[in-house]
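Chain naming here is simple, since letters A, B, ... match the order of the sequence lines and numbering starts at 1 in each.
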There are 2 protein chains.
Amino acid sequence: MLSQKSKYALRALLLLARQPPGEMVLVGEIAEQQNVPHKFLELILLELRKQGILFSQRGRNGGYTLARPKEAITFGEVIRIMDGPLAPLPCASVAGYRRCVDCQDERTCEIRQVMCSVRNAVADVLDNTSLADAIANGLSRERTALAS
Amino acid sequence: MLSQKSKYALRALLLLARQPPGEMVLVGEIAEQQNVPHKFLELILLELRKQGILFSQRGRNGGYTLARPKEAITFGEVIRIMDGPLAPLPCASVAGYRRCVDCQDERTCEIRQVMCSVRNAVADVLDNTSLADAIANGLSRERTALAS
DNA sequence: TGCTTTCCCTATAAAGATAATAGGATTATA
DNA sequence: TATAATCCTATTATCTTTATAGGGAAAGCA
Ligand code: FES
Ligand code: FES
């Protein structure tokens, strides 16, 4: 389940992606336009900046802007920052792998095998969808073909 | 994220799927073999029975057994019973659709469009993987082909 | 230099979901 | 009738998510 935090983050990023490149936008403006609690959004944007998704400037004429072109920021990257690994189970995660303490043998665990498939399917969508793709009304051509 | 409840449910079902058809197994046996809290597992199996996945018998010689052939029980069905809709957002769910109160226009919402793709990708894996598929070492042939 | 605006940072509270426990009621069998 | 099992409801404990609060630090401007 996508957290509210991820949803807010994506909404903010999509708004920024629709601005002319380099244009600074205030937290307050984003919060108001997207109906997100101001202080909560601050935390979110701060984290995105620390992870290299956003660039910020303080003081007058300050604000936030994308640190990279909107084609180079994927949903997968954003959601991983906000919510952690995409995989439904830690043992099925590539980036955030953690052993299952209560499973007897990981190599033969059927649940893990299925969840690895799920994680791959999810990552295939989210890592191949950039902010630009989503704004250009969605789904890049390859994936649309695959889904049908 | 898959809940512990779903994981326990799947472990129990896979154990039952490995028995000779019709063989009754006690909650206690499952709990012990799979290292699941007994009373917690009771709740889980009870719910699976109510949803038509399991058949049970009380009293001496009682226990649980699959209510259907293991080929006819999918991961998707089980996880929906335990955790609810597969979609990462209510607005992207087919079975459990709920409107997004804080999104301005659902039809143009880019987040929703992407999450619909995710939900389809996930459902495609989970609704096409039965207990039997998983035990037969995984992934049915069609999906393996698709994933590559 | 001081004033204002803005992001930056840490801590904590409020609410909700998940995980687990408890205790007994009911049913089937021997 | 005794026993062994599922069935059912309620409650607690723990963790996660969501949000709020209050000030600190930098950038710009007069
Ligand atoms: S090894 Fe992770 S679910 Fe079995
Ligand atoms: S409509 Fe559900 S996320 Fe926008």
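- Considering only the side chain of Pro37(A), dA19(D) comes nearest among dA20(C), dA19(D), dC8(C).
- Regarding Phe40(A), its CZ atom lies at a distance of 17 Å from the C1' atom of dC8(C), rounded to whole Å.
- Contacts of residues 1-34 of chain B with DNA chain D (heavy atom under 4.0 Å): Leu26(B), Val27(B).
- In this structure, CE of Met82(B) is placed 16 Å from C1' of dA17(C), rounded to the nearest angstrom.
- A side-chain N or O of Asn128(A) and one of Asp124(A) form a donor-acceptor pair less than 3.5 Å apart.
- Annotation: Glu32(B), atom CD; neighbour count of heavy atoms from other residues, nucleotides and ligands within 6.0 Å does not exceed 12.
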Detail all sub-3.5 Å separations between protein N/O atoms and N/O atoms belonging to nucleotides 9-13 of chain C.
residue : atom : partner  : partner atom : Å
dC9(C)  : OP2  : Arg49(A) : NH2          : 3.2

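- Look at NE2 on His38(B): it is 13 Å from C1' on dG23(C), rounded to the nearest Å.
- Not one N or O on the side chain of Arg119(B) forms a donor-acceptor pair closer than 3.5 Å with the backbone of Ala92(B).
- Between the Gln104(B) side chain and the Gln33(A) main chain, a donor and an acceptor come within less than 3.5 Å of each other.
- Going from atom CD1 of Ile79(B) over to atom CG of Leu86(B) covers 7.0 Å, rounded to the nearest 0.5 Å.
- Taken residue by residue, residues 54-62 of chain B places heavy atoms nearer than 4.0 Å to DNA chain C at Gln57(B), Arg58(B), Gly59(B), Arg60(B), Asn61(B).
- Listed here is the closest heavy atom pair of Leu54(B) and Tyr64(B): CD1-CD2, 3.9 Å.
- For residues 13-27 of chain A, every residue pair satisfying the side chain to side chain donor-acceptor pair (under 3.5 Å) rule, not counting sequence neighbours, is listed here: Arg18(A)-Glu110(B).
- Among pairs with a residue in residues 36-49 of chain A, none fulfils side chain to side chain donor-acceptor pair (under 3.5 Å), at least two apart in sequence or across chains.
- Legend: side chain to side chain donor-acceptor pair (under 3.5 Å) pairs involving residues 75-91 of chain A, not counting sequence neighbours, sorted by first then second residue: Ser3(A)-Asp83(A), Ser6(A)-Asp83(A), Arg68(A)-Glu77(A), Arg80(A)-Asp127(A).
- There is a side-chain donor-acceptor pair under 3.5 Å between Asp133(B) and Ser130(B).
- DNA chain C is contacted by both Leu41(B) and Asp83(B); Asp83(B) maps to the nucleotide lying nearer its 5′ end (nearest heavy atom per residue).
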